[in-house]
Amino acid sequence: IAGCKSGGVDVGIQHFAEGKSWAEHDWRRSKAFFVFGSLFCGAWQYGLFVKIMPRLCPGALEFAAKPWRQKLADKQGLKNLFYQNFVENGINNPFLHFPVFYTVQEWIAKRPLSGGIEKFKQNFWEDVPRIWAIWVPAQLYNFGFSPAWMRVPFVAFVSAFWTCILSVTRGEIEE
């Protein structure tokens, strides 16, 4: 599902935002978004948020369900809130998201995968503040307030928005 969402967003961006016709459509680019969405957004983030995070931060879902006053008094819950956001935005997004994204692009373009790491290094200081602007507040809200049933739909919505930005700013696969 995450792969279809990411690939579909890129198809939409190419046609509606960039005004490409179907004859001009870059299917390698959409394939890169599909593969990236499947691997990173689907498989890896499922493991991170469903399997790893609950072990790192037990009681996080209970914290999210508490009223404001109880949240403010729950020191461990607040610590877990910021810890989850640090794992997501201090490790996962800057040091896994972009290297995987650029490496998938290089793989689709049939170039050496090391080019993905070079793109990651080259774009780091532009990419990371951009992703933080979206995901730091989104995950503070998600980890702090979303009930369990709302977490996946909320992240999927924000992810679609983020994928639009990524498609416009970094989607092009150079020749």
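Fair warning: this is a prediction, and the values are worked out from it, not measured in the lab.
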Whether [X] side chain and [Y] backbone form a donor-acceptor pair below 3.5 Å:
X      : Y      : result
Gln139 : Asn89  : no
Thr163 : Ser159 : yes
Asp26  : Glu172 : no
Arg151 : Leu61  : no

Hey, does [Y] have a side-chain heavy atom less than 4.5 Å from the side chain of [X]?
X      : Y      : answer
Phe120 : Thr103 : no
Val104 : Phe40  : no
Trp22  : Val11  : yes

Using a cut-off of 6.0 Å, state whether more than 12 heavy atoms not belonging to [X] lie near its atom [atom1].
X      : atom1 : value
Trp132 : CH2   : no
Ile1   : CD1   : no
Lys31  : NZ    : no

In this structure, would [X] and [Y] fall into the same cluster of hydrophobic residues linked by side-chain contacts under 4.5 Å?
X      : Y      : value
Trp135 : Val50  : no
Val168 : Phe98  : no
Leu113 : Ile117 : no
Leu166 : Leu96  : yes
Ile134 : Val9   : no

Are Trp162 and His97 close enough, and set up right, to give a side-chain hydrogen bond (donor to acceptor under 3.5 Å, both in side chains), and what steps lead you there? CA-CA 12 Å; Trp162 167 250; His97 178 280; 3.2 Å; yes

Please identify which of these residues, Lys20, His15, Glu18, meets the side chain to side chain donor-acceptor pair (under 3.5 Å) condition with His25.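 Only one of Lys20, His15, Glu18 forms a side chain to side chain donor-acceptor pair (under 3.5 Å) with His25, namely His15.
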
Please work out which of the three classes, parallel, tilted or perpendicular, describes the rings of Phe143 and Phe49, given edges at 30° and 60°.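 Phe49 and Phe143: tilted rings.
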
Is the Phe145 ring parallel, tilted or perpendicular to the Trp68 ring (thresholds 30°, 60°)?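 It falls in the tilted class, 30° to 60°.
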
With sequence neighbours left out, write down each residue that passes side chain to side chain contact (heavy atoms under 4.5 Å, CB included) with Val152, or none if nothing qualifies.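 For Val152 there are no side chain to side chain contact (heavy atoms under 4.5 Å, CB included) partners, ignoring immediate neighbours.
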
What's the verdict on side chain to side chain contact (heavy atoms under 4.5 Å, CB included) for Cys57 and Lys79, showing C-alpha distance, side-chain angles and the deciding distance? CA-CA 9 Å; Cys57 300; Lys79 182 179 169 184; over 6 Å; no

Are Phe157 and Phe161 near enough that their ring centres are under 6.0 Å apart?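 Phe157 vs Phe161: aromatic centres not under 6.0 Å.
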
If you round to the nearest 0.5 Å, how far is [atom2] of [Y] from [atom1] of [X]?
X      : Y      : atom1 : atom2 : answer
Ile108 : Arg28  : CD1   : CZ    : 9.0 Å
Ser6   : Phe101 : OG    : CZ    : 9.5 Å
Tyr102 : Gln122 : OH    : CD    : 8.0 Å
Asp127 : Asn93  : CG    : CG    : 11.0 Å
Ile13  : Ser30  : CD1   : OG    : 10.5 Å

Looking only at heavy atoms, what is the nearest atom pair of [X] and [Y], with distance?
X      : Y      : answer
Pro94  : Val128 : CB-CG2, 3.7 Å
Glu24  : Gly19  : OE1-O, 4.1 Å
Gly37  : Ala2   : O-CB, 3.4 Å
Lys5   : Cys41  : NZ-SG, 4.4 Å
Leu140 : Asn85  : CG-ND2, 2.8 Å

According to salt bridge (Lys or Arg N to Asp or Glu O under 4.0 Å), who are the partners of Lys71, at least two apart in sequence or on a separate chain?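 Expected list: none.
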
Applying salt bridge (Lys or Arg N to Asp or Glu O under 4.0 Å), can you list everything that pairs with Glu106, at least two apart in sequence or on another chain?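 If we apply the salt bridge (Lys or Arg N to Asp or Glu O under 4.0 Å) test to Glu106, skipping adjacent residues, the hits are Arg111, Lys119.
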
Pairs satisfying side chain to side chain donor-acceptor pair (under 3.5 Å), at least one member in residues 33-55, at least two apart: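 Listed once each, the pairs are Trp44-Asn92.
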
Going by the side-chain contact (heavy atoms from CB on, under 4.5 Å) test, name the single residue among Phe33, Phe34, Phe36 that passes it with Asp10.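 By the side-chain contact (heavy atoms from CB on, under 4.5 Å) criterion, Asp10 pairs with just one of Phe33, Phe34, Phe36: Phe33.
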
Please list all pairs passing the salt bridge (charged side-chain N to carboxylate O under 4.0 Å, His left out) test where one or both residues lie in residues 81-98, with sequence neighbours left out.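 Every pair satisfying salt bridge (charged side-chain N to carboxylate O under 4.0 Å, His left out) with a residue in residues 81-98: there are none.
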
Quick one about Gln84 and Asn80 (side-chain donor to acceptor, distance below 3.5 Å, no hydrogens or angles considered), yes or no?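 Judged by distance alone, the side chains do not pair up.
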
Going by side chain to side chain donor-acceptor pair (under 3.5 Å), name the residues that satisfy it together with Glu126, two or more places apart in sequence or in a different chain.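 If we apply the side chain to side chain donor-acceptor pair (under 3.5 Å) test to Glu126, skipping adjacent residues, the hits are Arg170.
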
